[in-house]
Number of protein chains: 2
Amino acid sequence: MKAITEQKLANKNVTPTAMRILVMNTLLAQNAAISLSDIEKSLAPADRITIYRTIKTFEEKGLVHVIEDGAGAPKYALCLEECDVNEHHDLHVHFNCICCKETFCLPNCKIPDVSLPANFSSTEMNLIVKGICDKCAN
Amino acid sequence: MKAITEQKLANKNVTPTAMRILVMNTLLAQNAAISLSDIEKSLAPADRITIYRTIKTFEEKGLVHVIEDGAGAPKYALCLEECDVNEHHDLHVHFNCICCKETFCLPNCKIPDVSLPANFSSTEMNLIVKGICDKCAN
DNA sequence: CTAACTAATGCAATTCCATTGCATTGTTTT
DNA sequence: AAAACAATGCAATGGAATTGCATTAGTTAG
Ligand SMILES: [Mn+2]
Ligand SMILES: [Mn+2]
Ligand SMILES: [Zn+2]
Ligand SMILES: [Zn+2]
């Protein structure tokens, strides 16, 4: 366990401090994206700002990606190994369930190409699908 | 001018008050999506909260749609006539230019279908493309 | 036409979250 | 061990969303 956590940090050149290991373990334990305040609650009474800066560091180093699902606060999920400081490669669809309110990465669901108008060029895409997830379907 | 504005409000059963006409005219004057604080600045010294509630009303009545482009604050743009209280039909791509920072509706650029995992069903989709717009391309 | 009722507005106040400054503590390098 | 650098904790700031409440404008019933 601890090995995996520290390895992930080491892979992206992030010094494995106590706080960072706690946050990384929290992220590893999720099957859905979580917000900053989720992490705060989960790690209370750890300092909020330190968690904030930890997540920022993770984001910059390509350990997590941000998901803006329109639910108020941004959520975070672990990146694939291929992501790095310069480029995130999580070009997958994110799904927000209107029933359980969870937001999931759908790593096998790639964002299709769209044909933009003339002289528009794209560098990044973000697709949020809202609906009912498998667990909430009856 | 005034005729168009009031007609748009009337079409969606929104009482055409002074404030609502001002906000609607502001929206009509844009060629890009604008944030609440943009509207506030544009209509200063009108009351911020009234503008907030006006936009909420417009949104509920299907007059405007929200665009979360990840730039911090949500932006708003006029809907097509087909939108209504029950359903927004703006299933088009939104484009955020990393150069001029503007966010545009691309009404002719529909969001392609994506094949979700088994037992996931979609009710709504939101695709934000980031890149360089035609005006900023050289 | 007026009283009663409903909708819209303006202002105050609250809450939430993001972000920064700064002093302190822990780590690494020389 | 001293100097240099990185991470942390706490205080403070700032922006934006949201709600309560009293006031005003608009509409409707008698
Ligand atoms: Mn993801
Ligand atoms: Mn649009
Ligand atoms: Zn669900
Ligand atoms: Zn541009």
Side-chain angles (χ1 to χ4, degrees), chain A residues 5-6 8-27 33-77 85 101 103, chain B residues 5-6 8-27 33-77 85 101 103:
Chain A
T5 305
E6 302 198 17
K8 274 192 165 290
L9 296 176
N11 285 346
K12 302 293 166 62
N13 287 304
V14 176
T15 317
T17 67
M19 182 81 273
R20 287 170 179 176
I21 290 173
L22 284 175
V23 173
M24 177 54 74
N25 279 335
T26 305
L27 288 164
I34 54 177
S35 69
L36 211 39
S37 60
D38 291 335
I39 303 177
E40 286 168 33
K41 280 165 203 139
S42 160
L43 296 183
D47 183 64
R48 187 169 79 255
I49 289 92
T50 304
I51 297 175
Y52 165 78
R53 281 192 270 230
T54 300
I55 280 288
K56 283 292 175 199
T57 301
F58 283 7
E59 190 190 339
E60 284 161 14
K61 295 305 182 75
L63 278 167
V64 302
H65 59 282
V66 192
I67 304 160
E68 314 249 7
D69 63 2
K75 290 178 182 168
Y76 302 88
V85 188
K101 316 293 182 198
T103 295
Chain B
T5 304
E6 302 199 16
K8 273 192 166 290
L9 297 176
N11 285 346
K12 303 292 165 63
N13 288 303
V14 176
T15 318
T17 67
M19 183 80 271
R20 287 169 179 177
I21 290 171
L22 284 176
V23 173
M24 179 53 75
N25 279 335
T26 304
L27 288 164
I34 53 176
S35 69
L36 212 38
S37 60
D38 290 334
I39 303 178
E40 285 169 33
K41 280 165 203 138
S42 160
L43 296 183
D47 183 65
R48 187 169 79 255
I49 289 91
T50 305
I51 297 176
Y52 165 77
R53 280 193 270 231
T54 299
I55 281 287
K56 282 290 176 202
T57 301
F58 284 7
E59 189 189 339
E60 283 161 13
K61 296 306 182 74
L63 277 168
V64 301
H65 58 282
V66 192
I67 305 161
E68 314 248 9
D69 63 2
K75 290 179 181 166
Y76 301 88
V85 187
K101 317 291 182 197
T103 295

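Every heavy atom of this structure was used, including side-chain atoms; hydrogens, water molecules and symmetry mates were not. Numbers restart at 1 for each chain; the letters A, B, ... are given by sequence-line order, proteins then strands.
Of the two residues contacting DNA chain C, namely A:E40 and B:V14, the nearest-nucleotide position lying further toward the 5' end is that of B:V14. Checking B:D47 against A:K56, the closest nucleotide of DNA chain C that is more toward the 5' end is the one next to B:D47. Of the two residues near DNA chain D, B:R53 and B:P74, the one whose nearest nucleotide lies more 5' is B:P74.
A close approach under 4.0 Å does not occur between any side-chain nitrogen or oxygen of A:Y52 and OP1 or OP2 of C:dC17. Considering only side-chain N and O atoms, A:T15 lies nowhere under 4.0 angstrom from the phosphate OP1 or OP2 of C:dT27.
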Exercise for review: Check the pair A:H65 / A:I67 against side chain to side chain contact (heavy atoms under 4.5 Å, CB included), numbers first and verdict last.
Suggested key: CA-CA 7 Å; A:H65 59 282; A:I67 304 160; 3.9 Å; yes

Practice item. Check the pair B:V66 / B:I55 against side chain to side chain contact (heavy atoms under 4.5 Å, CB included), numbers first and verdict last. Key: CA-CA 10 Å; B:V66 192; B:I55 281 287; over 6 Å; no

Review point. Would B:E59 and B:Y76 satisfy side chain to side chain contact (heavy atoms under 4.5 Å, CB included), going step by step from the backbone distance to the final call?
Key: CA-CA 9 Å; B:E59 189 189 339; B:Y76 301 88; 4.2 Å; yes

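Atom CD1 in B:I51 sits about 14 Å away from atom C1' in C:dA8, given to the nearest Å. Rounded to an integer number of Å, the gap from CD1 of A:I39 to C1' of C:dA18 is 14 Å. Distance, B:E60 CD to C:dA7 P: 13 Å, rounded to whole Å. Counting to the nearest Å, the C1' atom of C:dT19 and the CD1 atom of A:I55 are 15 Å from each other. Look at CG on B:L43: it is 15 Å from C1' on C:dT9, rounded to the nearest Å. Rounded to whole angstrom, the span from the OH atom of A:Y76 across to the P atom of C:dC17 amounts to 12 Å. In this structure, B:I49 places its CD1 atom 12 Å from C1' of C:dT14, rounding to the nearest Å.
For DNA chain D, the outermost nucleotides in 5' to 3' order that have an atom under 4.0 Å from a heavy atom of chain A are D:dA7 to D:dA11.
Of the options A:N25, A:V23, A:T50, a side chain to side chain contact (heavy atoms under 4.5 Å, CB included) to A:L43 is made by A:V23 and by none of the others.
Residues A:I21 and A:P16 approach most closely at CD1-O, 3.8 Å, considering heavy atoms. In this structure, A:K101 and A:K75 approach most closely via the heavy-atom pair O-NZ, 3.4 Å. Shortest non-hydrogen contact noted between A:F58 and A:R20 is CZ-O, 3.5 Å.
At the heavy-atom level, B:P16 lies nowhere under 4.0 Å from the strands shown. Within 4.0 Å of B:T57, counting heavy atoms only, lies no atom of the nucleic acid at all. B:T17 comes within contact range of the sugar-phosphate backbone alone, with a heavy-atom separation under 4.0 Å but no base atom that close.
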